[in-house]
Amino acid sequence: MRSVSRDDKDDRDDQDSEDGQVDELPVPVIPVHPDTCVLPSATLHAFTVLDDVLITLSRGLTQWKVQLFECPCPGEDPRPGGQIGEVELSTCTPPAGSLEEPTAPRFLPVLCCVSPPGSRAPHGHPWGSGGITLEGALFGLLFGSDASLLESPVIVCGLPDGQLCCVVLKTLVTSRSAPGDPKALVKILHHLEEPVIFIGGLRTEPLSEDVEDVYCDCLVALGHHGRTLAIKASWDEAGHLVPELREYSLPGPVLCAARGRGGRVYHSTPSDLCVVDLAQEVSPWDLTQRDGAPGGLPSLLCPASLSVCSVVTLSVSSRAPEGGAELLALSAKGRLMTCSLDPHSETPHPTRVTSANAGQKIKELLSGIGTVSERVSSLKKAVDQRDKALTCLNEAMNVSCALLSSREGPRPISCTISTSWSRLQLQDVLTATCLLENSSGFSLDRGWALCVQVLRSSRALDLDSAVSAITYTIPVDQLGPGGQREVTLPLGPGEDGALDLPVTVSCALFYSLREVVGGALALTDPFKDPSSNECTPDVLPEQDGVCLPLSEHTVDMLQGLRFPGLAAPHTQALGPLSPARDPIHTFLETCCGPVSQPAGPASLRAKYLPPSVATVKVSAELLRAALGDNHAGVSLCSATLQWLLAENAVADIVRAQALSSIQGVAPDGTDVHLIVREVAVTDLCPAGPIQAMEIQVESSSLANMCRAHHAIIGRLQRLVMEQAARGSSPPDLRLQYLHQIQANHETLLREVQTLRDRLCTEDEASSCATAQRLLQVYRQLRSPSLLLL
């Protein structure tokens, strides 16, 4: 701490006048050691001292708390004595999701001790920043008869949320020995609805010559944005003494304030230091018309500029001459200044209004009217945008409720997915068509988008490949009730010419809160002082929107198969089934004539190795119950094949020709053969053979055979789940036969594990026989003797 005498300025001025040079005068430094700490507390935000009592204001997790301690005597331990009183004030709201210690508030609270005339006056001069003494009439009106009878000082607290609270000191001290209701000890005087910056007392009426004690007859509170509250005792029409409360609006944001003699209040903003006068007397240059009965408050306050900016701390000196004032001001850049106001000097206010001054005043008023008009237009635009955002949010809420409440049955907004092959850029591409239908009574307007996610599985023979997903976002603009929107997306093949099936296509509606609400929340007042550093809280969630799932569809090998021999007329235009080739190579091969067959691995496997085969046997009774009337007029074999290829474009041709076997082409060009035949399963049921359908899939490609087999198994699993829900039961079975089949399969599985381990240790010559045996075991596992009932 540095102690600067107020006489240093006079000494420095005298020295400057003698030699014209400025020398730094020595400044006494008072060190503050850690052992002088009186009250170590991270939650302490304000304090004041009244006689032998230390009054503190602390912030807890959810409450402000006033505490009283005994002050130590000189020469004793600096730490205060025991706590003699405590009470909780208004609730302070912590940040959302914060359960830890509260962070420091942006604005500090304000404490002020107000004493009645009969009590001992607080330390310090009456115009300092410490306590104040109010007249008895105003003191009783504000704080009640109990405080007046007890002649007790009152602690007035101004909180960052704008509340003005008061606590009678003597009742708080006695509440320690006789605890009562804490809410009865705290009284809320007013709410400024903005952070309280200053609380002080003023003398607004002139004193009589025979009066010695100077008591304040007006209590003033200032808020951060300039809202000012003045409370004074006045007489009503019936002659009763009543409190008069009046609010004013001063330029803001207010950085600090101080009270002075003659009913003056000095307050600082980032751009100016102003003074307002609440006194009764009217200066000859004051053009403000005052109304109200004697003892009333002025109806309007006109701040006068002192041409000093960015003052962060202000104090009124007691050395000022009669009628004048001397201010000590600390600027934001750390300059400590003295401001002297001499009433005998030439006043900046004119003694009379001239035509030039009147014209300038009119210009300022017109400019102010124009500024207010622009601000009203800006605020009206902001209100309109927020009204539109609220309307969109209400519509989005209705759509969300309609979708979430219709989990069973037809949905008001649906998305149907179908697949087909198309010719794009000299290449055959499998595409997915998403048809969005709005059957609800609501409209999908700005902010809505259709999100389609294509999830590709890892390649069947590549264990190191990862799952990849692509998400397409398509804005949905003006989709009213009954409207449709169709979107076609490519599924593959990719750049490498491969199409990994199955592929999962998921559709969802996404509503962007950032797009609809973000603009309305980001609107700011262009006329607001930028130094306030206030920003709109980010109330949007981290996801920035709402996602509503619509449908999910899996595209497997059975949907990706093509059948050139059975192609419909509109699909005959498709090109060759192999991946796209370089046009130059195609031209050269055509010019050179026929060439020998390629000798790649796929061709060699197709020529010299038997096709990979997998079979599944299904009870004929189960299929008849599941297919219902769909197989009327056709054989069960043909109806089963139609059911397997129901989502393929060739399903109508299979139904028309009543086919029970068909040969198709996989996306990579290899053949896939599907055969459905009727068989009889013996040795399983004591009652006799069971009629069954054997579904066989063959392919020269092991991977494509596995993909087709996987697609068939998936359809059968869903069929069995549906029939089990209907309560159907299987016939009597020979359990010993089933146990034997299960034991055979477990033996084959153990042999598979042994052969796989052997492949890791054998050389190339020995591993050939092991690999052949492993393929034979796999073939046996893919053709089990079990029957799906």
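The analysis underlying the following values was restricted to heavy atoms, covering all of them including side chains, and did not include hydrogens, waters or symmetry mates. One is the number of the first residue; the rest follow in order along the sequence.
Thr670 places no side-chain N or O within 3.5 Å of a backbone atom of Ala666 that could act as its donor or acceptor partner. Remark: the backbone N or O of Asp477 is paired with a side-chain donor or acceptor of Arg485 at under 3.5 angstrom. Of the possible donor and acceptor atoms, none in the side chain of Arg655 sits under 3.5 Å from a partner among the backbone N and O of Gln642. With hydrogens and angles disregarded, no donor-acceptor distance shorter than 3.5 Å links the side chain of Asp683 to the backbone of Tyr737. At distances below 3.5 Å, not a single donor-acceptor pair connects side-chain atoms of Glu762 with backbone N or O atoms of Cys768. Of the possible polar contacts, one joining the Asn744 side chain to the Gln740 backbone as a donor-acceptor pair under 3.5 Å is found.
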* Begin from the C-alpha positions of Leu622 and Met693 and carry the test side chain to side chain contact (heavy atoms under 4.5 Å, CB included) through to its verdict. => CA-CA 10 Å; Leu622 175 63; Met693 293 292 115; over 6 Å; no
* **side chain to side chain contact (heavy atoms under 4.5 Å, CB included) evaluation trace for Leu738 with Leu684** => CA-CA 8 Å; Leu738 294 178; Leu684 185 60; 3.6 Å; yes
* I would like to know whether Phe563 and Asn648 meet side chain to side chain contact (heavy atoms under 4.5 Å, CB included); could you show each step before the answer? => CA-CA 10 Å; Phe563 303 91; Asn648 196 294; 3.9 Å; yes
* side chain to side chain donor-acceptor pair (under 3.5 Å) assessment of Thr391 paired with Glu395 -> CA-CA 6 Å; Thr391 303; Glu395 194 82 5; over 6 Å; no
* When you look at Ser699 and Asn704, which way does the side chain to side chain donor-acceptor pair (under 3.5 Å) test go after all the steps? -> CA-CA 7 Å; Ser699 178; Asn704 289 331; 4.7 Å; no
* Steps toward side chain to side chain contact (heavy atoms under 4.5 Å, CB included) verdict (Ser400, Leu548) -> CA-CA 7 Å; Ser400 302; Leu548 302 172; 3.6 Å; yes
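Here the closest heavy-atom approach between residue Leu627 and residue Ala639 is recorded as CD1-CB, 3.9 Å. The two atoms that bring Pro490 and Arg456 nearest to each other are O-NH2, 4.0 Å, heavy atoms only. Heavy-atom minimum distance, Met557 versus Leu501: CA-CD1, 3.8 Å. Across Leu561 and Trp421, no two heavy atoms sit closer than the pair O-NE1, 4.3 Å. Between Thr615 and His709 the shortest heavy-atom distance is O-NE2, 4.5 Å. The nearest pair of heavy atoms linking Thr640 to Leu636 is OG1-O, 2.7 Å.
In this structure the side chain of Trp448 reaches within 4.5 angstrom of the side chain of Val399, judged on heavy atoms. Side-chain contact between Leu781 and Leu749 is present, with at least one heavy-atom pair separated by less than 4.5 Å. At a threshold of 4.5 Å between non-hydrogen side-chain atoms, the residues Glu751 and Gln780 do not count as touching. Glu647 places none of its side-chain heavy atoms less than 4.5 Å from the side chain of Leu558. Leu702 has its side chain within reach of Met705: a pair of non-hydrogen atoms, C-beta onward, lies under 4.5 Å apart. A 4.5 Å side-chain heavy-atom check between Asp428 and Arg423 finds at least one atom pair inside the cut-off. For the pair Tyr511/Leu513, a side-chain contact is recorded, criterion being any heavy-atom separation below 4.5 Å from C-beta on. Put simply, the side chain of His745 reaches to within 4.5 Å of the side chain of Ile741, judged on heavy atoms.
To the nearest 0.5 angstrom, Ile474 atom CD1 is 9.5 Å from Leu436 atom CG. Taking SG of Cys637 as the start and CD1 of Ile675 as the end, the distance is 11.5 Å to the nearest 0.5 Å. One finds the OG atom of Ser440 at 7.5 Å from the CG atom of Leu403 (value rounded to the nearest 0.5 Å). Here the CD1 atom belonging to Ile695 is positioned 5.0 Å from the CG atom belonging to Leu716, to the nearest 0.5 angstrom. Interatomic distance, OG of Ser638 versus CD1 of Ile662, reported as 10.0 Å (0.5 Å rounding). The CG atom of Leu759 sits 5.5 Å away from atom OG1 of Thr770, with the distance rounded to the nearest 0.5 Å.
Partner of Thr419 under the side-chain contact (heavy atoms from CB on, under 4.5 Å) criterion, out of Val555, Asp556, Thr433: Val555 alone. Of the candidates Thr504, Val505, Val503, Thr504 is the only one forming a side-chain contact (heavy atoms from CB on, under 4.5 Å) with Leu455.
In the displayed structure, His673 atom NE2 is contacted under 6.0 Å by more than 12 heavy atoms of other residues, nucleotides or ligands. Applying the 6.0 Å contact sphere to CD of Glu486 captures more than 12 heavy atoms from other residues, nucleotides or ligands. Within a 6.0 Å sphere centred on CD of Gln453, other residues, nucleotides and ligands contribute more than 12 heavy atoms.
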